[in-house]
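The block underneath contains the structure these notes are about, expressed in structure tokens.
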Amino acid sequence: MANSDVKPKSISRAKKWSEEIENLYRFQQAGYRDEIEYKQVKQVSMVDRWPETGYVKKLQRRDNTFYYYNKQRECDDKEVHKVKIYAY
Amino acid sequence: MVAEKETLSLNKCPAKLPTRTKLLAQQPLPVHQPHSLVSEGFTVKAMMKNSVVRGPPSAGAFKERPTKPTAFRKFYERGDFPIALEHDSKGNKIAWKVEIEKLDYHHYLPLFFDGLCEMTFPYEFFARQGIHDMLEHGGNKILPVIPQLIIPIKNALNLRNRQVICVTLKVLQHLVVSAEMVGEALVPYYRQILPILNIFKNKNVNSGDGIDYSQQKRENIGDLIQETLEAFERYGGEDAFINIKYMVPTYESCLLN
């Protein structure tokens, strides 16, 4: 999946919260488009996730610092529209 | 003798104060009015007939205690913590420079708890958020450190500052659920933690039918203490209730009955 340079073709905004949006929100907080870009940049095959909820747990940012996320939902309804969905 | 003296003085008065002579002459001789003497309780003075005993001074149970410089502040200013502040749209966040899993909990967790005494930005934020992250991701590394956390917790509560108590109570609630057996491990230390909770347990605002906004913001100390004690009881095993009851006699079980 993680080809060397996949460029997104289109972008849209999230309208409603879902688990996918929650994870995208977490990636975008850390400064990545989504999981695909994260795996490209960091050259990793797995992302740390909470076993209970499946949400992203830990991300390494571009400056090599770490962001840790909660077990529960972090993306409030008022934040949902800020999440960008990239299509390839 | 006394009467003689008084008449004497009366006779003298008209010369000095002509306006008041009439009044004095018409009135019966004033009975000697002992002016009351204010004195402390349990002194010789207090036993005199004319003494009025002053009430005891307030013990200052709710008075805030002065803060001392914390080790957390020193370490932070020296740059010893592997943390950085990130501002984002939602507020602030900690960016960890090393993985939390690789941190030495025996060293860092007590230090962050020491920071609970802080009331100013950024120390207060780092302590609160750092503890949150470390508890959330600590797993089984938290349990062995519990004994070292008690003194910082006790110090923070002993400050009796409303804001500090609020934060500390929320941290305690997080702590008991952070890993298995942590609740049980805290039971022997109730003697250190609970006295302050006992003092503030009834600190609720009686606003009649008005709205107490601190409830909405989860800053009402009375409610937070009740929640914390219930969390202690739920996660503290079978000995928890009796130990809580010993330190906080007004606490009623949320599990029994």
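A note on names: the letters A, B, ... follow the listed sequences, proteins ahead of strands, and every chain is numbered from 1.
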Listing request: all ring-ring contact (aromatic ring centres under 6.0 Å, His included) pairs with a residue in residues 135-167 of chain B, at least two apart in sequence or in separate chains. A/Trp50-B/His137, A/Tyr68-B/His137
Sort B/Glu101 into side chain, backbone, both or neither according to what part of it lies under 4.5 angstrom from a heavy atom of chain A. both
Crowded around B/Asn92 CG? As in, over 12 foreign heavy atoms under 6.0 Å? yes
Nearest heavy-atom pair of B/His132 and A/Asn70: which atoms, and what distance? NE2-OD1, 2.9 Å
Please indicate whether B/Ile242 has more than 12 foreign heavy atoms, meaning atoms of other residues, nucleotides or ligands, lying under 6.0 Å from its CD1. no
Among A/Gln60, A/Lys78, A/Glu74, which residue forms the greatest number of heavy-atom pairs with chain B at distances under 4.5 Å? A/Glu74
Would you compute the distance between atom CD1 of B/Ile83 and atom CZ of A/Phe66 and round it to the nearest 0.5 angstrom? 15.0 Å
dist A/Asp48:CG -> B/Glu99:CD (nearest 0.5 Å) comes out at 8.0 Å
Just wondering, more than 12 heavy atoms not from A/Glu20 lying within 6.0 Å of its CD? no
Heavy atoms, side chains only, cut-off 4.5 Å: are B/Ile100 and A/Lys58 in contact? no
Turns out that what part of B/Lys93 lies under 4.5 Å from chain A's heavy atoms comes down to side chain
Would you say NZ of A/Lys84 has more than 12 non-hydrogen atoms from neighbouring residues, nucleotides or ligands within 6.0 angstrom? no
How about CZ on A/Phe27, more than 12 heavy atoms from neighbouring residues, nucleotides or ligands closer than 6.0 Å, or not? yes
